[in-house]
Amino acid sequence: MMFKLSAVFFDLDGTLADTAADLYAALCQLCSEEQQTPPPFADFRRIVSQGSPAMLEMGFQIGPKDTIYEELRDRLLTYYHQDIASHTSLFPETDEVLTALAAAGIQWGIVTNKPGWLTDALMKEMGFGADAVCVISGDTLVRRKPDPDQLLMACEAAQCTPRDAVYVGDARSDVVAGKAAGMRTAAASFGYIPPHEDPNSWGADRVIASPLELLDWLGVSPAGQP
């Protein structure tokens with residue numbers, strides 16, 4: 001790439017970690033208690049990156065203004081926290097990408113809209129993230145993606161300028177936030193993409209169909225290769 005690459009920051013759900021199955025299990029538990037038929041998993045998986053509002057809208061046809069919304073959201077996230085990593089794993093090739101970045105002297109970190117208490121619990125259960133230069137969650141700051149504040153904070157942690165950093169995510173809001181921060185952006189089309197969305201229309205600098213495509217774009221050799 002034609003710039004000095006100092007750091008790569010990643011979204012968490014749908015970009016680094018495939019968390020959909022555990023989130024779906026929590027929604028199914030909630031649906032069962034409320035005598036509601038859960039949505040098909042294939043449909044649910046597409047909206048995971050949009051967070052609990054989209055999950056509850058799909059499962060219960062309600063939004064944040066509904067009186068029962070907060071109570072259902074609290075229960076959903078509690079059930080998820082209680083069994084947060086039974087079926088969650090990093091996407092294939094992710095370990096190789098992070099190893100290659102480290103070998104090339106490039107820092108990496110996580111910037112997610114997931115609440116901190118869930119981010120921390122997930123990473124602890126997975127035994128993952130000790131080498132990250134930063135882990136910035138959705139409640140770390142007042143504003144979160146698509147505002148750029150979290151990504152600017154990540155650059156401060158990595159002691160780099162935004163123009164020397166890349167942000168990778170699987171949602172339009174990730175690209176919007178990265179561009180607002182002054183970063184290059186990559187859209188992960190292997191993530192949780194809603195059926196009406198086309199990552200090629202988001203304005204990212206690159207669309208990647210697999211984690212290893214990120215290395216090719218960045219000009220970083222896979223681990224173990226010269």
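- Residue pairs meeting the salt bridge (Lys or Arg N to Asp or Glu O under 4.0 Å) criterion with at least one member in residues 10-21, sequence neighbours excluded, are Asp11-Lys145, Asp13-Lys114, Asp18-Arg45.
- Considering every non-hydrogen atom in both Ser52 and Leu76, the closest pair reads CB-CD2, 4.2 Å.
- Ser221 contributes atom OG, which lies 10.0 Å from atom CG of Asp216 (distance to the nearest 0.5 angstrom).
- With sequence neighbours left out, the ring pair (Phe, Tyr, Trp, His ring centres under 6.0 Å) criterion links Phe44 to Tyr24.
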* **Pair Trp108-Leu16, side chain to side chain contact (heavy atoms under 4.5 Å, CB included): steps then yes or no** => CA-CA 12 Å; Trp108 70 273; Leu16 286 181; 4.3 Å; yes
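- Annotation: salt bridge (Lys or Arg N to Asp or Glu O under 4.0 Å) contacts involving residues 146-162, sequence neighbours excluded, comprise Arg143-Asp147, Arg143-Asp149.
- For the atom pair CD of Gln159 and CD of Gln107, the computed distance is 7.5 Å after rounding to the nearest 0.5 Å.
- Under the rule for a ring pair (Phe, Tyr, Trp, His ring centres under 6.0 Å), His87 has no partner lying at least two apart in sequence or in another chain.
- For the salt bridge (Lys or Arg N to Asp or Glu O under 4.0 Å) condition, the pairs that include at least one residue of residues 63-84, sequence neighbours left out, are Glu33-Arg75, Glu34-Arg75, Glu71-Arg75.
- Using a 4.5 Å heavy-atom threshold, the side chains of Leu30 and Leu56 count as touching.
- Side-chain contact check for Asp164 and Thr161: at least one donor-acceptor pair (N or O, by modelled atom type) lies under 3.5 Å.
- Here the side chains of Phe91 and Val97 are not in contact, with every heavy-atom distance at 4.5 Å or above.
- The two residues Val166 and Met183 come nearest to each other via the heavy atoms C-SD, 4.4 Å.
- In this structure Ser210 satisfies the side chain to side chain contact (heavy atoms under 4.5 Å, CB included) test together with Glu93, Leu212, Glu213, sequence neighbours excluded.
- Atom NZ of residue Lys179 and atom CG of residue Asp205 lie 5.5 Å apart, to the nearest 0.5 angstrom.
- In terms of modelled atom types and a separation under 3.5 Å, the side chain of Asp43 and the main chain of Pro40 share no donor-acceptor contact.
- Phe41 and Ile193 fall into different hydrophobic clusters, where Ile, Leu, Val, Met, Phe, Trp and Tyr residues are linked whenever their side-chain heavy atoms come under 4.5 Å apart, directly or through other members.
- The heavy-atom pair separating Ala100 from Leu215 by the smallest distance is CB-CD1, 3.8 Å.
- Rounded to the nearest 0.5 angstrom, Leu23 CG and Tyr80 OH are separated by 4.0 Å.
- Under a hydrophobic clustering in which Ile, Leu, Val, Met, Phe, Trp and Tyr are joined whenever their side-chain heavy atoms come within less than 4.5 Å, directly or via other members, Val176 and Val111 fall into different clusters.
- Partners of Ser32 by side chain to side chain contact (heavy atoms under 4.5 Å, CB included), not counting sequence neighbours: none found.
- In this view, Asp139 and Pro115, Ser137 satisfy the side chain to side chain contact (heavy atoms under 4.5 Å, CB included) rule, not counting sequence neighbours.
- Checked against side chain to side chain contact (heavy atoms under 4.5 Å, CB included), Pro53 has the following partners two or more places apart in sequence or in another chain: Tyr69.
- Linking ILVMFWY residues whenever their side-chain heavy atoms come closer than 4.5 Å, directly or via other members, places Ile84 and Ile110 in the same cluster.
- Residues Phe10 and Thr94 are not in side-chain contact: their nearest non-hydrogen atoms beyond the backbone lie 4.5 Å or more apart.
- Counting heavy atoms from C-beta on, the side chains of Leu101 and Leu218 come closer than 4.5 Å.
- Between the CD atom of Gln36 and the CG atom of Leu27 there is a distance of 9.5 Å, given to the nearest 0.5 Å.
- Residues Ile68 and Met55 fall within the same hydrophobic cluster, defined by Ile, Leu, Val, Met, Phe, Trp and Tyr side chains chained together at heavy-atom separations under 4.5 Å.
- With sequence neighbours left out, the ring pair (Phe, Tyr, Trp, His ring centres under 6.0 Å) criterion links Phe60 to no other residue.
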* Asked: Stepwise, does the side chain to side chain contact (heavy atoms under 4.5 Å, CB included) test hold for Met126 with Leu90?
  -> CA-CA 9 Å; Met126 295 180 68; Leu90 297 180; 3.8 Å; yes
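- The hydrophobic clustering, which links ILVMFWY residues whose side-chain heavy atoms are closer than 4.5 Å, places Val8 and Val207 apart.
- When all heavy atoms of Ala187 and Val175 are compared, the pair lying nearest together is CB-CG2, 4.4 Å.
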* To do: Mind running side chain to side chain contact (heavy atoms under 4.5 Å, CB included) on Gln150 and Asn113 for me, showing each step along the way?
  => CA-CA 9 Å; Gln150 294 164 287; Asn113 277 355; 3.3 Å; yes
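- Note that CG of Leu118 is 8.5 Å distant from CG of Leu122, once rounded to the nearest 0.5 Å.
- In plain terms, the two heavy atoms of Val220 and Ala104 that are nearest each other are CG1-CB, 4.1 Å.
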* To do: Could you give me the CA-CA distance, side-chain angles and deciding distance for Val133 and Phe9, then say whether side chain to side chain contact (heavy atoms under 4.5 Å, CB included) is met?
  => CA-CA 9 Å; Val133 69; Phe9 305 111; 4.1 Å; yes
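- With contacts defined as side-chain heavy-atom distances shorter than 4.5 Å, the pair Val168/Ile208 qualifies.
- Among residue pairs with one or both ends in residues 122-131, none qualify as side chain to side chain donor-acceptor pair (under 3.5 Å); sequence neighbours excluded.
- In plain terms, the two heavy atoms of Ser6 and Cys160 that are nearest each other are CB-CB, 3.7 Å.
- Not a single ring pair (Phe, Tyr, Trp, His ring centres under 6.0 Å) links Tyr79 to another residue, sequence neighbours left out.
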